[in-house]
> 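Below is the structure I would like to discuss, written out as structure tokens.
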Amino acid sequence: MSWPQNSYRSFVLAGASVLVLGALTAASVARAQAAAADDELQEIVVTGQRFAVSDAAKRKANADQILDSISADDAGKLPDNSVTEVLQRVPGVSITHFAAVGDPDHYSVEGSGVTVRGLSQVSSTLNGREAFSANGGRALLFEDVPPELLAGIDVVKSGTPDIIEGGIGGSVNLRTKMPFDYDKETISGSVGANYGDFIQQTKPDASILYANRWQTSIGEIGAMFDVAYSDISTRHDTIQVEPYFPQTFNGKNVYVPGGFDWRSGNFDRKRLGAYEALQWSPNPDLTFYQTGFRSDYWSKSTEAGVYNTGGNAVTVSPGSTSTFGPSGGLLTSNNLSSTGWDPLQVGSETGGSLATVNPGLTNQHNVTTDLSQGMKWTPTSNWTINTDFQYAVSQAQTQRIDLFSQVSVPSYAIDLTGDLPSIKVSNPAQVADPSRTIWYATMDHLENHIGRELSWSGDAEYKVSESSFLRAIKVGARFADRTEKDNVSGYNWVGLTPSFNDPSTFKYLSNAAPGDVTVSGFSNFFRGATALPSAAAFPSWALAEGYPENLTAIHHAYGLPGDNTQPVTYTAATLSHTKTRTESAYIMTRFGEDDLFGWKMNGNFGVRIVNNENSSEGSIQQPTGTVFYNGASGTLPGGFTANSGGHNSLMALPSFNIQFMPQDDIHLRFAAYQSMSNPSFNALNASGQISLITNASQQITGATTYAGNPDLKPQLSNNLDVSLEWYMPDGQVHLAGFYKQIKDYISYGVTPLNLPIALPGGVTQVMPVSSSGYFNASPAYIKGAEFGVQKFFSFLPAPFDGLGIDANFTYINSRSPGDLSYDMLGNRITGLPVDLLSKYNYNITGMYEKGPISARLAYTWRSKYLLTPTANGTNGTYTNAAGQTVTYNLPIFSDDYGSLDASIAYSFDDHITLTLEAQNLTNSETKTLMGYGSQQYGRSWFVADRRYSAVVRFTY
């Protein structure tokens with residue numbers, strides 16, 4: 001994978017520096033010119049945060065539906081350093097601080113997983129056109145988009161027929177500026193640097209914009225170009241506790257964690273975005289436009305960890321001092337040990353448990369490009385016609401390598417009563433000893449996603465009257481052909497000299513070549529807030545950085561004789577081709593009454609007809625090995641079986657929006673509408689693999705498969721909304737309520753399928769298979785309320801008249817009866833909420849803007865929420881004391897989380913502004929929980945950087 005080199009960074013910084021020097025020179029000239037014109041009439045304009053608040057309130061008040069908006073200030077700056085962070089300030093919108101939805105074990109500083117009113121099924125648009133990232137999902141990865149390229153963001157919460165279908169949670173529309181938005185030649189930009197205090201690294205960012213318009217013999221022409229570059233490095237540390245297994249201690253039924261992990265990771269991302277737009281108006285009634293948008297996102301993630309997973313073999317040692325909570329969960333113990341098999345123990349050692357030590361490296365590159373062109377024509381004062389063509393392409397590549405060593409972790413003490421776990425290994429030197437650590441395995445993984453969309457849309461609106469009940473009729477149509485090719489390899493785990501081999505074959509890290517081994521102390525672990533359990537010996541980062549070229553050499557040097565392992569490759573079973581073809585048309589009427597019992601009233605009613613066809617083609621990898629079948633032992637032929645499926649839906653999505661205005665500044669809105677959301681491409685994936693389950697006699701007792709479900713139906717949501725809004729000078733207040741019933745809600749779990757399986761002797765037989773995948777579950781329900789206020793207190797005496805507040809609160813209640821989760825006794829867990837949905841969310845931002853000073857202090861908080869009903873690491877089987885096999889599948893929750901951010905800006909004049917920003921000032925810890933009800937325990941604890949930045953912005 002290609003990466004920006006230092007020369008590229010130097011080019012960006014040098015160019016940005018030249019621009020700043022030029023800007024400062026021009027500023028001095030501008031000040032001199034201004035001084036010569038003091039006698040001219042000065043126009044008072046709203047700027048900065050006041051402008052952003054005012055513009056957002058205008059968009060909300062004038063909208064045809066219920067929405068909330070965030071606008072850039074007059075310098076073109078949104079209030080955060082990523083679009084994801086910006087969105088968390090919107091009422092009813094929340095984000096997660098995990099790298100991906102469904103992955104609760106990997107942290108993300110900038111956040112991901114945007115939800116609107118508790119739902120992650122959110123459509124994304126760029127200037128009203130569908131926008132996406134090719135990663136197996138449907139929507140755009142908002143963290144990929146530079147906020148410097150945007151004029152604002154609209155979060156649409158109720159539907160109208162003219163909005164593209166696809167989001168049952170809502171729609172996030174990213175707005176860019178157009179050349180005709182500028183009334184004169186404009187040059188603006190920024191140069192800055194950001195610092196992470198945990199990783200202790202400083203990285204640059206810069207942006208530049210040029211816009212102008214010209215009167216020519218063929219009409220008015222406008223052009224603009226915008227480029228933004230950003231580089232951020234962060235660090236996060238993790239402590240993780242394994243699931244709690246039932247045991248008996250001193251005659252009591254208790255629950256004891258099956259081990260613990262500790263990790264430290266670094267994350268570096270580089271983001272380069274570019275946007276260009278052209279407009280041409282041959283006459284005032286006709287405008288042609290063309291836009292091009294591109295975002296490149298590179299990331300490099302490294303993480304080193306020790307995974308001590310003893311399972312139900314970990315016990316509270318007899319005679320130990322231990323305490324337990326009311327439900328029997330272990331709180332403290334001065335001696336936990338393992339009764340499990342541990343061939344790495346030496347001499348008279350007992351009670352140790354095997355641990356895997358792992359450095360992992362992931363490189364990722366995402367590219368999204370959107371090219372659009374269209375026109376707006378008003379042939380008469382009553383008619384408005386729009387048409388638009390769009391071509392979008394997105395590609396995401398991932399390359400991951402994990403190297404593993406293995407060591408015996410001796411007995412340890414644990415205390416889970418504080419804010420952070422305290423774990424003390426009895427002999428930490430043993431874990432850090434290369435002569436006690438063996439070469440265990442390698443595991444590599446590849447992903448390549450390519451998505452394309454070609455679409456056309458056209459709309460025509462006829463204004464009937466300004467005063468009659470029927471005000472306008474609008475009709476439109478859209479055709480879209482979207483394809484995605486997802487190639488996702490398996491996780492290619494291959495042993496070196498693992499512990500289950502003959503001990504005489506073990507190869508120890510102490511005998512490795514120079515530079516191939518690292519002994520890490522995890523420096524400044526958790527900033528010293530909790531003790532490091534132990535340093536560790538593991539394969540070096542140099543070996544990980546050498547992948548894929550050196551993988552075979554690693555196996556030659558540290559594997560068994562004859563080991564010739566090659567890097568993982570794609571197969572027929574890793575590739576799927578998925579397509580969504582959409583044909584839609586709508587009709588919408590606008591109506592109104594200027595005096596309805598003394599009130600104004602207006603609204604819209606219509607229906608969108610959507611013909612939606614999903615299809616997926618792939619292959620199922622057949623099992624290999626030897627089984628006892630049809631009275632004889634035979635070899636499974638393996639190979640691949642073609643698999644395909646799809647679902648076609650013809651849906652009518654009606655919507656009704658109405659608002660009453662007893663006064664011009666008070667709006668009471670009602671909305672009733674239907675919306676739909678397609679299954680993700682990952683969920684529709686037709687490829688996978690089958691594994692057979694056999695007993696000790698090699699007789700087939702069952703089968704499992706991991707695959708998508710190409711026959712999934714779209715989710716259909718019935719929605720009711722109400723909103724009361726009061727608009728005032730310098731602000732607005734609103735109170736809203738909402739209810740959603742989601743039919744065919746898509747969930748993940750184990751469901752039965754009948755699939756053809758290739759058996760010995762050339763026989764293919766359809767057999768029942770337990771499939772881990774997606775399915776349409778029982779309906780889910782969501783209801784809640786929002787409250788928000790934005791207001792500058794201009795009525796206060798100076799200097800307090802610069803104070804303002806931007807605050808909102810959201811309450812959401814939900815049920816997802818179809819989730820399949822099981823506790824540690826194998827009992828079905830019921831009563832789970834919809835995933836990614838907090839019951840309570842609030843944001844409080846204090847603002848100050850007076851003269852050259854603009855400041856902001858923002859606190860964001862959300863309550864506990866379900867991350868996923870099933871997760872790798874908290875599901876599996878074990879044998880209980882009665883000899884029975886128990887299957888568990890624990891849900892993972894994220895605990896309450898809040899963080900404090902601040903910024904202050906000083907404008908030297910109308911052209912130059914210096915901004916200082918800080919994020920995560922409270923050094924907040926992120927915590928996850930596993931299980932449910934009285935059997936819910938701490939799973940993971942994360943701590944990450946505080947981030948500080950300084951930015952100089954200029955505009956002319």
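Values below: every heavy atom of this structure, side chains too, minus hydrogens, waters and symmetry copies.
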> Got a sec, which residues hit salt bridge (charged side-chain N to carboxylate O under 4.0 Å, His left out) with D296, two or more places apart in sequence or on another chain?
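Salt bridge (charged side-chain N to carboxylate O under 4.0 Å, His left out) list for D296, sorted by chain: R294.
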> Listed by chain and number, what are the side chain to side chain donor-acceptor pair (under 3.5 Å) partners of S133, not counting sequence neighbours?
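Applying side chain to side chain donor-acceptor pair (under 3.5 Å) to S133 gives none.
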> Does the plane of the ring in W541 sit parallel, tilted or perpendicular to the ring in F538? Use 30° and 60° as the thresholds.
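Perpendicular.
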> State which residues pass side chain to side chain contact (heavy atoms under 4.5 Å, CB included) with S411; sequence neighbours excluded, sorted by chain then number.
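In terms of side chain to side chain contact (heavy atoms under 4.5 Å, CB included), with neighbours along the sequence ignored, S411 is linked to N335, S337, S426.
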> Quick one, Y107 with F267, criterion ring pair (Phe, Tyr, Trp, His ring centres under 6.0 Å). Give me CA distance, side-chain angles, the key distance, then yes/no.
CA-CA 9 Å; Y107 191 77; F267 180 79; over 10 Å; no
> Test of understanding: with ring pair (Phe, Tyr, Trp, His ring centres under 6.0 Å), list the residues that count as partners of Y244, not counting sequence neighbours.
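If we apply the ring pair (Phe, Tyr, Trp, His ring centres under 6.0 Å) test to Y244, skipping adjacent residues, the hits are Y937.
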> Can you sort out the partners of D261 under side chain to side chain donor-acceptor pair (under 3.5 Å), two or more places apart, ordered by chain and number?
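Side chain to side chain donor-acceptor pair (under 3.5 Å) check on D261 returns Q240.
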> Kindly assign one of parallel, tilted or perpendicular to the pair Y878 and F245, based on the angle between their ring planes and the thresholds 30° and 60°.
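Y878 vs F245 ring planes: perpendicular.
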> Within the 4.5 Å heavy-atom criterion, are K270 and Y229 side-chain neighbours or not?
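Yes - at least one pair of side-chain heavy atoms lies under 4.5 Å apart.
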> For the residue pair T368 / S394, report whether a side-chain donor-acceptor contact shorter than 3.5 Å exists.
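The answer is yes; a qualifying pair exists.
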> Can you pull the ring pair (Phe, Tyr, Trp, His ring centres under 6.0 Å) pairs that have at least one residue in residues 543-576, sequence neighbours excluded?
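Applying ring pair (Phe, Tyr, Trp, His ring centres under 6.0 Å) to every pair that reaches into residues 543-576, excluding sequence neighbours, yields W439-Y558.
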> So which heavy atom on A686 is nearest to which on S616, and how close?
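That would be N-OG, 3.2 Å.
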> Report yes or no: does Q622 contribute a side-chain atom to a donor-acceptor pair with the main-chain N or O of P756 at less than 3.5 Å?
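Side chain of Q622 to backbone of P756: a pair is present.
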